[in-house]
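Single-structure report; data block below.
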Amino acid sequence: MSQAGAALQTYNNELVTCIEELCAKREEIQQQISDEEKRRSTLQRDIQVLSNQLAELNESLSAKIAVREEYDKLISDTQEAYAKILKSSQALLGLVKTEGSKLSQKNFPKNDVKDS
């Protein structure tokens, strides 16, 4: 029976060693899990911060794009009005020249004023 007891003791020692190794591996994995959970938490906070910054930037861009579109419309309207003014000025100049020329070509009778 002493051989059976010795064998049992050997198995018991090996079993305890195996359990200790498994526990050590479990602790190692647990540490990796903890590290990765911390990293995940950090990344999630970073994502939230970046998402907030992105939302603010998008709002700012939208407002600035709307203002730019108002500038575009104002510039376009001003250019159209200016083109109309130029066209009207050209037409007015042509009319003045034509009428002035007509007046210049008219022959008015000379008033004979005699010197006394």
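For clarity, every value in this text was computed on a predicted model and none was experimentally measured.
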*Compare all side-chain heavy atoms of Q32 with those of E28 and state whether any distance is below 4.5 angstrom.*
yes
*Backbone N or O of K38 within a donor-acceptor pair of the T42 side chain at under 3.5 Å?*
yes
*Would you say Q90 has more than 12 foreign heavy atoms packed within less than 6.0 Å of its CD?*
no
_Distance, nearest 0.5 Å, that separates OG1 of T17 from CG of N12_ = 9.0 Å
*asked:* Once rounded to the nearest 0.5 Å, what's the spacing between atom CG of L8 and atom OG of S2?
replied: 12.0 Å
*Are side-chain heavy atoms of N52 and Q48 found at a separation under 4.5 Å?*
yes
*For residues I29 and I33, determine if any side-chain heavy atom of one lies less than 4.5 Å from a side-chain heavy atom of the other.*
yes
*Any sub-3.5 Å donor-acceptor pair from S101's side-chain atoms to K97's backbone N or O?*
no
*Co-members of L61 in a cluster of I, L, V, M, F, W and Y side chains, linked at under 4.5 Å*: L57
*If you measure from CG on L43 to CD on E36, what distance do you get to the nearest 0.5 Å?*
11.0 Å
*asked:* Any carboxylate oxygen within less than 4.0 angstrom of a Lys/Arg side-chain nitrogen, looking at K73 and D77?
replied: yes
*Is the shortest heavy-atom distance from the side chain of L54 to the side chain of N58 under 4.5 Å?*
yes
_L103 vs E99 side-chain heavy atoms within contact, under 4.5 Å_ = no
*Roughly how far, to the nearest 0.5 Å, is the OG atom of S34 from the CD atom of E27?*
9.0 Å
*asked:* Treating S89 as the side-chain partner and I85 as the backbone partner, does any N or O pair qualify as donor plus acceptor under 3.5 Å?
replied: yes
*Is a side-chain donor or acceptor of T78 paired with a backbone partner of L74 at a separation under 3.5 angstrom?*
yes
*asked:* Quick check for you: to the nearest 0.5 Å, what is the distance between E70 atom CD and I65 atom CD1?
replied: 13.0 Å
